[in-house]
Amino acid sequence: MFELIKQLSEARGVSGDEGEVRELIRGLMEPRCDRVWTDRMGNLICYKKGRDGSKRILVDTHMDEVGLIVSYVTGDGLLKFQTVGGVDPRVLIGRKVRVGERIGVISTKAVHLTTEEERKTAPDEQQLFIDIGAQSREEALKEISLGQTASFFTVCERFGEGLVKGKALDNRIGCAAAIRSAEHIPYYDTYYVFAVQEEVGLRGAYAGAYGIRPDLAVVADVTTAADLPGVPEHRRACRLGEGAVLIFMEGSTLYPSGSYDKLKRCAEKNGIRFQEKELVAGGVDAGAIQRQPGGVEVLTVELACRYLHSPAGVASLADAEEMEKLLCALLADPSLLER
Amino acid sequence: MELFDFLKNRELDGLPLRTDVMENRIASRGSGGKKLLVAAALDDVGVILTRIEKDGRARFHLLGKLPDGELSGALVTVGTLTGIVTGEGDDRYIDFGCEKVELTPGMRGSFAFEPRRLGEKLLAAGLESGVTGYLLRELLVGPEPKEETHFVFGAQSALGYRGLKAAAGAICPELAITLELCPCEGVEQGRGPVLKIADRSLLADAELCEMLSETARTAEIPLQRGVFETTNSAGAQVYSAGKGVKTAALAIPVGRYGSLAQTVCESDVAAALKLLRAVVC
């Protein structure tokens, strides 16, 4: 699991510019599935025939990541940017990024030039720029263009006891769990949608699901964990090391209680370690899928991740394995579509 | 049934309703002509429990929006238990007065508030689902519609009318009238229902608005017109369904709009029902 997560984490795929990670996933899914294609939105869709072709399950897991987009190049060759998705602005300064083939560093006013007031708050993106070492606008524009995305440059590594750190763990770990689940034949015909542009408003998922018209969808994503000293228990949302995270509500979706019970029963029946998310926070592709014409039943499985939407998130490899096990259990379960 | 009775028991049992995947409750009557959808809210502002502490206190998330100052001290019913919202800000919880509670995260609760008469008006919590649900119920059990009509009690209305989007997408009506509440901004209680011409999310269809206005004029039903800067409409979830839907929003003006308990004039509701029956039946 770690090697797969590392491959996926280090691939580039800022929302709207998912090409590199899409091609990586395509290469991994083609041997595992019966048909693989890209739809008009750029979603990668992989069809795997099940034992029973009477129903369709959709597994949605977004492959895009938060990042930056170049909006202007100054006369001095510095790149002004805007964030793509909910990037935590407090953690940008000094970060290494990749812009095209160039490496850059996110910079701001030198500290000795700041006032005491300025040092009390994190600068916003208006005050930041990417330094790619160019001396002029002309030099910079030879290698990058306006509208080019910049992704964090972070080596994905194991550390501590069974932990992994890397960029884009949201949602490359979800993608890893989905890819590994495709090694098994599902009960029903299954469509894996590696969706685009989740981080900018669940955009790919609506189109992906609309084209498939599933009988049920399972969403695999990653969610924020604040299990750190000083955080009250009821504000932690979820915790590393306590298994897959089951959701009864998040910002974009309220799951009917029957659906949530179904998810929980499957986890219990299959001996999967899980926890229930204790805070309504964030939003996932389920919101776009559930509201399809006529509605679609959606179940969501998440994974706890600290420092979400920063250049280095931290998650537990054991939790990733539980997430994969739950996904496999759901796809093997014929009672999934009983209502 | 009288509005006051419906506000007390919210009875939809016995109606020919089917439930879709999003838990919308839907009925269909009439045939031919232009397909019409009439929508009401099925749910209202409430709570969902997120964590049960060892001492029985329950952490929660608000389903919908309420002014912050109205939460503390509010009574909430979850299952058979009633508790009181205590605490402030991030440290807010429901106190059920006992340590051992048969409650689990994910359970939903509603605000406990008995409807009552306040002078010439009615005061109740959950008024959006109460008033619009009443109107739709009375329309459904009334005379046969002249054309194909779909009655949708929309789920997750307190969360932005999410269920309605899915229902409209499946039904694909040509026309829609969404039943809503509105604040008394440029309109008054006691002067009839309000045709919402525009708000932040919807520009109502001019032709449908004209038809409703003309019907009201002919039947001598009072009807106000309103343009609102601060509201969002259920109609906004309908108009873009399928190939597009000509949509209008018929609203009842309420006092204390957006609060836990709001006031309504029965005469406004009666006029709205008369107008709806004149249009649909």
Side-chain angles (χ1 to χ4, degrees), chain A residues 202 206 209-210 213-217 226 230-239 245-265 268 274-283 286-300 337-339, chain B residues 18-26 42-43 46-55 57-64 79 87 89-94 104-108 152 154-173 237-238 240-243 245:
Chain A
L202 323 182
Y206 190 88
Y210 190 89
R213 308 278 177 162
D215 296 286
L216 182 142
V231 178
E233 284 292 327
H234 68 280
R235 299 287 297 166
R236 294 186 172 199
C238 51
R239 296 152 183 80
V245 182
L246 307 191
I247 317 289
F248 50 78
M249 180 178 178
E250 25 79 12
S252 63
T253 324
L254 175 59
Y255 301 85
S257 51
S259 299
Y260 183 65
D261 290 343
K262 191 186 289 189
L263 177 64
K264 213 166 152 181
R265 270 198 309 273
E268 285 165 347
F274 69 88
Q275 54 187 307
E276 293 176 290
K277 190 168 168 184
E278 291 180 343
L279 199 66
V280 175
I289 299 169
Q290 188 188 53
R291 294 175 235 182
Q292 298 280 312
V296 173
E297 184 179 12
V298 191
L299 313 178
T300 293
L337 283 160
E338 283 168 14
R339 292 208 179 97
Chain B
R18 61 186 185 277
T19 306
D20 75 3
V21 172
M22 278 204 73
E23 299 183 312
N24 294 309
R25 308 289 301 280
I26 303 171
L42 180 63
D43 61 290
V47 302
I48 187 165
L49 303 186
T50 55
R51 178 183 161 94
I52 314 299
E53 304 286 9
K54 292 191 176 80
D55 58 8
R57 291 177 302 147
R59 304 286 179 181
F60 67 94
H61 179 80
L62 195 62
L63 294 172
D90 288 343
D91 192 23
R92 196 169 264 151
Y93 53 90
I94 303 171
T104 51
M107 287 179 81
R108 299 179 214 178
V152 178
Q156 299 190 34
S157 289
L159 298 174
Y161 310 104
R162 291 176 186 174
L164 201 50
K165 184 175 173 70
I171 294 167
C172 288
Q237 298 301 316
V238 175
S240 58
K243 295 179 187 174
V245 184

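FYI, side chains are in, hydrogens and waters are out, and symmetry mates aren't considered; it's all heavy atoms of this structure. Note that the coordinates shown come from a computational prediction; the quantities given were computed from them, not determined experimentally.
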request  = Measure the CE-OG1 distance between B:Met22 and A:Thr253 for me, rounded to the nearest 0.5 Å.
outcome  = 8.5 Å
task = Locate the shortest heavy-atom distance separating B:Arg108 from A:Tyr255; write the atom from each residue and the value.
result = NH2-O, 3.3 Å
request  = Could you check if a side-chain atom of A:Met249 sits within less than 4.5 angstrom of a side-chain atom of B:Leu159, using non-hydrogen atoms only?
outcome  = yes
ask   = If we only count heavy atoms from C-beta on, is the A:Gln290 to B:Gln156 side-chain gap below 4.5 Å?
value = yes
ask   = Side chain, backbone, both or neither: which part of A:Arg235 has a heavy atom under 4.5 Å from chain B?
value = side chain
remark   = Scanning both residues in full, the closest heavy-atom pair of A:Phe248 with B:Pro105 reads CE2-CB, 3.6 Å
task = Mind ranking B:Leu164, B:Asp90, B:Asp20 by heavy-atom pairs under 4.5 Å with chain A and telling me who comes out on top?
result = B:Asp90
key: Under 4.5 Å from a heavy atom of chain B, the part of A:Pro232 involved   = neither
remark   = Tightest non-hydrogen contact, residues B:Val21 and A:Glu297, listed as CG1-N, 3.2 Å
task = Heavy-atom distances under 4.5 Å only: say whether B:Asn24 touches chain A with side chain, backbone, both or neither.
result = neither
request  = Kindly give the heavy-atom pair with the smallest separation between B:Ala166 and A:Gln292, and that separation in Å.
outcome  = CB-O, 3.3 Å
query = Within the distance-only criterion (no hydrogens, no angle test), does the side chain of B:His61 pair as donor or acceptor with the backbone N or O of A:Ala281 below 3.5 angstrom?
reply = no
message = I need the contact set between residues 46-55 of chain B and chain A: heavy-atom distance under 4.5 Å, sorted by residue number.
response = B:Ile48, B:Leu49, B:Thr50, B:Arg51, B:Glu53
message = Which heavy atom of A:Ser252 sits nearest to which heavy atom of B:Arg162, and what is that distance?
response = O-NH1, 3.1 Å
